[in-house]
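Structure, as structure tokens:
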Amino acid sequence: MKKKFNLKEKIQQFRAWRERPREVAPMSQEEHECLNCHDHYTGRFCPRCGQAATTSRFSMKVAAENFAEAYGMGERGMFRTILELILRPGYLILDYLRGMRVSYYAPFKMFFLLFAISTLVTHGLNIKGQALYDDSETSVQNLEKEIDEKSGSTEEQDVLEIEGETFKFSDRTKAIVYKIFDRMERFEKRFPSINTLILLMIVSGFLYLFFRHCPKIPDLRYPEFFMALLYIANMYTVYSIVFDFFCLSKLSSYSIFLTLIPLKQMSGYSWLRTTMKTVAASLIMFGLLVLLIILGILVIFLIAKRGA
Ligand SMILES: [Zn+2]
């Protein structure tokens with residue numbers, strides 16, 4: 001008789017599997033002779049030179065593996081890591097932070113590889129075969145146009161009002177602002193991955209304030225949290241690559257909310273607390289950003305005024 005499919009039981013099994021640390025298969029007792037230094041040993045690698053016990057004559061498969069390795073895809077379960085980033089991201093991070101390093105694809109390497117794939121997909125390697133985000137005209141040029149149009153039509157819109165006092169923007173002020181934005185944009189275009197890493201450092205800094213005493217890791221260190229966020233960014237990139245490939249740009253942007261899943265799983269906070277902490281960190285970050293921009297504009301304005 002066929003056993004009845006029990007959904008509740010399956011979900012429970014999945015949950016238990018998700019939370020259990022990854023298990024490494026027991027080692028075989030088979031004896032090997034190293035083809036490099038002819039030592040006899042048991043295990044997967046030669047204890048003297050480190051050559052793999054599976055080393056064999058070249059076949060198409062071995063040659064292909066060699067090729068893949070040159071591009072950083074040959075080892076340490078790239079696909080397993082991606083699969084676990086989708087099924088149990090927070091628990092994978094806990095495994096990794098607690099010392100299971102070799103079982104998983106290294107987060108930095110994964111970041112650069114996924115970044116490259118993502119760039120290919122958004123620049124045309126998708127079902128429509130076209131670039132998803134139009135970058136023929138830079139946003140600085142747009143900004144420049146917008147401000148010029150405004151100042152062309154009415155003079156008054158070029159004015160900044162702070163506590164009853166009005167400051168008029170001179171062309172010199174505008175020129176400085178353009179220059180700064182232009183430099184920032186050029187840096188972003190030339191080193192997009194470094195730009196993202198810097199952004200990740202800032203975001204993780206604010207989030208760290210709220211997660212450093214979490215139940216699962218009460219003495220969480222900032223570098224550990226940064227590595228965790230790198231994996232979370234990789235998870236997000238995996239989702240956005242898939243959505244971008246099918247040209248579902250909306251879903252691609254919304255998948256940023258999926259980052260709450262690993263944050264909850266790795267911290268051990270409830271859904272509500274995880275969400276509240278993330279929202280609080282974001283509010284503080286954006287508040288400070290707005291404050292910095294206002295301060296920056298004021299400083300530029302004063303410098304320009306003095307120079308004029
Ligand atoms: Zn050897």
Side-chain angles (χ1 to χ4, degrees), residues 16-120 125 191 193-194 196-197 200-201 204 216-217 219-238 241 262 265-266:
W17 168 81
R18 221 173 40 167
E19 287 173 42
R20 204 168 37 231
R22 161 162 288 284
E23 272 164 34
V24 177
M27 208 163 70
S28 96
Q29 289 304 303
E30 199 187 334
E31 199 182 87
H32 304 284
E33 184 189 336
C34 177
L35 296 178
N36 189 46
C37 50
H38 302 288
D39 267 14
H40 288 264
Y41 65 94
T42 57
R44 293 181 58 220
F45 297 93
C46 170
R48 182 183 286 182
C49 72
Q51 180 159 292
T54 52
T55 307
S56 58
R57 286 180 60 183
F58 280 101
S59 60
M60 279 312 275
K61 187 170 167 266
V62 175
E65 277 169 2
N66 243 306
F67 174 79
E69 211 166 287
Y71 286 91
M73 293 184 283
E75 23 81 78
R76 288 191 197 175
M78 167 86 174
F79 291 102
R80 191 181 60 213
T81 307
I82 288 178
L83 193 72
E84 292 201 17
L85 271 180
I86 290 163
L87 297 178
R88 56 189 288 276
Y91 301 105
L92 175 155
I93 291 168
L94 284 173
D95 281 358
Y96 189 78
L97 293 184
R98 286 169 180 161
M100 294 198 96
R101 302 287 153 77
V102 176
S103 282
Y104 296 111
Y105 201 76
F108 269 112
K109 225 164 144 183
M110 193 169 192
F111 173 82
F112 287 110
L113 189 69
L114 288 174
F115 204 93
I117 297 172
S118 170
T119 309
L120 282 177
L125 195 80
F191 312 103
S193 51
I194 301 295
T196 308
L197 279 180
L200 210 60
M201 267 166 92
S204 58
K216 286 267 174 76
I217 317 173
D219 59 341
L220 185 65
R221 298 177 183 172
Y222 174 72
E224 290 175 328
F225 191 62
F226 179 75
M227 294 313 259
L229 238 71
L230 205 53
Y231 264 133
I232 294 176
N234 288 339
M235 181 203 80
Y236 168 68
T237 314
V238 168
I241 286 172
Q265 289 178 351
M266 68 161 286

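We count ligands from 1, going down the list as the structure has it; atoms in each ligand are counted the same way.
- A pairwise comparison of heavy atoms in Pro107 and Asn234 identifies O-ND2, 3.2 Å as the closest pair.
- Geometry note: the Zn ion (ligand 1) is the vertex, Cys49 SG and Cys46 SG are the arms, and the angle is 110° (rounded to 10 degrees).
- The pair Asp95-Arg22 does not meet the salt-bridge criterion, since no charged nitrogen lies less than 4.0 angstrom from a carboxylate oxygen.
- When SG of Cys37 and SG of Cys34 are joined through the Zn ion (ligand 1), the resulting angle is 110° to the nearest 10°.
- Between the Zn ion (ligand 1) and His38 there is no N/O/S contact shorter than 2.8 Å.
- Between His32 and Tyr41, the angle of the ring planes lies from 30° to 60°, which puts this pair in the tilted group.
- Relative orientation of the Phe226 and Tyr222 rings is tilted, given thresholds of 30° and 60° on the angle between their planes.
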